[in-house]
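Shown next, in structure tokens, is the structure this report addresses.
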Amino acid sequence: MRLSRYYLPVLRETPADAQIASHRMMLRAGMIRQEGAGIYAWLPLGFRVLKKIEQIVREEQDRAGAVEMLMPTIQQAELWRESGRYDAYGKEMLRIVDRHDREMLFGPTNEEMITEIFRAGVRSYKDLPKLLYHIQWKFRDEVRPRFGVMRGREFLMKDTYSFDIDEESARANYNRMFVAYLRTFARMGLKAIPMRADTGPIGGDLSHEFIILADTGESAVFCDKRLVEMPTPKKDIDFDGDLQPVVDQFTSHYAATDEMHDDTAFAKDVAEENRIAARGIEVGHIFFFGTKYSEPMKAYVAGPDGKDIPVQMGSYGVGVSRLAGGIIEAFHDDDGCKWPMAVAPYHVGLVNLKAGDEKTDKLCEELYRSLTAAGVEVLYDDTASRPGEKFARMDLIGLPYQVVIGPRGLENGAAEVKRRSDGAREEIALDKVADHIAAAVKDALRYD
RNA sequence: CGGGGCGUAGCGCAGUCUGGUAGCGCAUCUGGUUUGGGACCAGAGGGUCGCAAGUUCGAAUCUUGCCGCCCCGACCA
């Protein structure tokens, strides 16, 4: 993409109401624009990040055996009356009335709807288990939205729902999502630690929050260093096999958010050198809730003995839009974002330091073509801006590599390559740059 | 939902107390000089001062109502 054609309204000054790094940078880098309290438009650059996050989530859901579908944003109040949540949900639910005075709502979640969809098509235990998901916009009318997309009112979320005949089978689905989440966040370059979550009135041990560590996280977290260092399950892991050992491994050490934290247990269970007290951001939540919806909404299946029983359900959420902010919180410096390759809006920023100069123009065009042909996503700064502005803008939007073509380098027949993650620069011969960068990008995108 | 604050040019702000018809920096446009970390000179454009009603000869400024946004707290993917 040529910057001259793109829409990238970067801000030189920091908007007054952005409190945290990710919000500030998303506004400054022209990724989002606020359209109301907790409501954001995703501008081209931010949209690309969002789509990449979404795609990684999708690939790992598919790998784990979940089946994608799409439910609407608008739902009928009637559905929520069946579960009893229409009145229980309170003011967080955005309620709407249509022209016929029918009560509608903008969905804050989809348990009721998926239960209704499921019960319409499944009658027998032989049709189980099922694992269905969708990625859709939700609306929760938060009293106080803040921190940009980290806590907006409208947000993009992946939610998966599991249906099983009994709790044992449900645990297998729960474990699939557990492992899928470890992989999903790892692919984005994040360290996500599963932490036991409050299961509320339902109880049981089947609820975990996935927390990524970031200095500017919303809440304090405490965990064992061995959890952070644990290797992520590989992509060839058998999702139909027994995943319990993996789950056990990741739940075998102390990890708690501040609500669940117990200082005495922390001191007792974790050796002093392994104690980590950090800040975290919740990016996923998995939850088994049994028959909470299937019972009142009559999602029953016939068991082997011919008797109808309510299905056992669970739900598994990932905050897709929130992750865009979360990743910046984890990867940035004073100059801007430092995107991991897998979610970077473009892999490489090609900077023509002297647009209009015959030599640099020609070289940049060639590089742009060959990199693009090699499958590298390039944002080509072909504008007439001054060098200083170009560098600052590239650092701000934080593409993993910057390839700088200017008169100075041309004298040596070289391009300057800067790696945004650590600021390392090297001069690379012009005839080798494209191959070098393509290999580096490909390497960074590899995962297992 | 309690407490506090703000709404004036694309962005950041001054002007409001003490009424006299709007200003600064950055950005934008034109011309020129520049050109490796956010240039310089000269000129130009851009605002129904959140909306509505009221007081007044006259309202960004005073009064009332409404709308929007932000911050602290309680709540949350």
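Order of the sequence lines sets the chain letters (A, B, ...), proteins ahead of strands, with each chain counted from 1.
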**Item:** Under 3.5 Å donor-acceptor pair, A:Arg408 side-chain atoms to B:G37 base atoms
**Value:** no

**Message:** Could you check whether the side chain of A:Glu389 and the base of B:G37 have a donor-acceptor pair of N or O atoms closer than 3.5 Å, going by distance alone?
**Reply:** no

**Fill in**
Walking RNA chain B from its 5' end, the first of A:Ser321 and A:Leu396 to be reached, judged by nearest nucleotide, is A:Leu396

**Fill in**
By nearest-nucleotide position on RNA chain B, the 5'-leaning member of A:Glu35 and A:Gly406 is A:Gly406

Is there a side-chain polar atom (N or O) of [X] under 4.0 Å from OP1 or OP2 of [N]?
X        : N     : value
A:Arg146 : B:C72 : yes
A:Lys390 : B:G36 : no
A:Arg386 : B:A39 : yes
A:Gln34  : B:G68 : no
A:Arg144 : B:C71 : yes

Contact class for [X] vs. all strands (heavy atom < 4.0 Å): base, sugar-phosphate, or nothing?
X        : value
A:Lys91  : sugar-phosphate
A:Asp395 : base
A:Lys158 : nothing
A:Arg151 : base
A:Arg153 : nothing
A:Gly409 : base

Any carboxylate oxygen within less than 4.0 angstrom of a Lys/Arg side-chain nitrogen, looking at [X] and [Y]?
X        : Y        : value
A:Arg2   : A:Glu365 : yes
A:Glu366 : A:Lys362 : yes
A:Glu54  : A:Lys51  : yes
A:Glu82  : A:Arg119 : yes
A:Lys292 : A:Glu111 : no

**Request:** Would you mind telling me which of A:Arg425, A:Lys418, A:Arg419 makes a side-chain contact (heavy atoms from CB on, under 4.5 Å) with A:Gln402?
**Result:** A:Lys418

**Asked** Is the closest side-chain heavy-atom distance between A:Arg393 and A:Leu3 below 4.5 Å?
**Response** yes

Among the candidates [options], find the nucleotide nearest to the side-chain atoms of [X].
X        : options             : value
A:Glu13  : B:C75, B:C26, B:C1  : B:C26
A:Val404 : B:A77, B:C1, B:G36  : B:G36
A:Leu353 : B:G36, B:G25, B:C75 : B:G36
A:Ala37  : B:C70, B:U35, B:C76 : B:C70

According to the Watson-Crick and G-U wobble definitions, with both distances under 3.5 Å, which nucleotide is paired to [N]?
N     : answer
B:C66 : B:G50
B:G36 : none
B:U56 : none
B:A42 : B:U30
B:A14 : none
B:A22 : none

Using the [atom1] atom on both, measure [N] against [M] and round to a whole Å.
N     : M     : atom1 : result
B:A60 : B:C1  : P     : 33 Å
B:C6  : B:G50 : P     : 13 Å
B:C11 : B:U28 : P     : 15 Å
B:C26 : B:G68 : P     : 35 Å
B:G47 : B:G23 : P     : 13 Å
B:G36 : B:U16 : P     : 44 Å
B:A53 : B:C49 : P     : 13 Å
B:G15 : B:A59 : C1'   : 14 Å

**Message:** What is the distance, to the nearest angstrom, from the CZ atom on A:Phe391 to the C1' atom on B:G36?
**Reply:** 5 Å

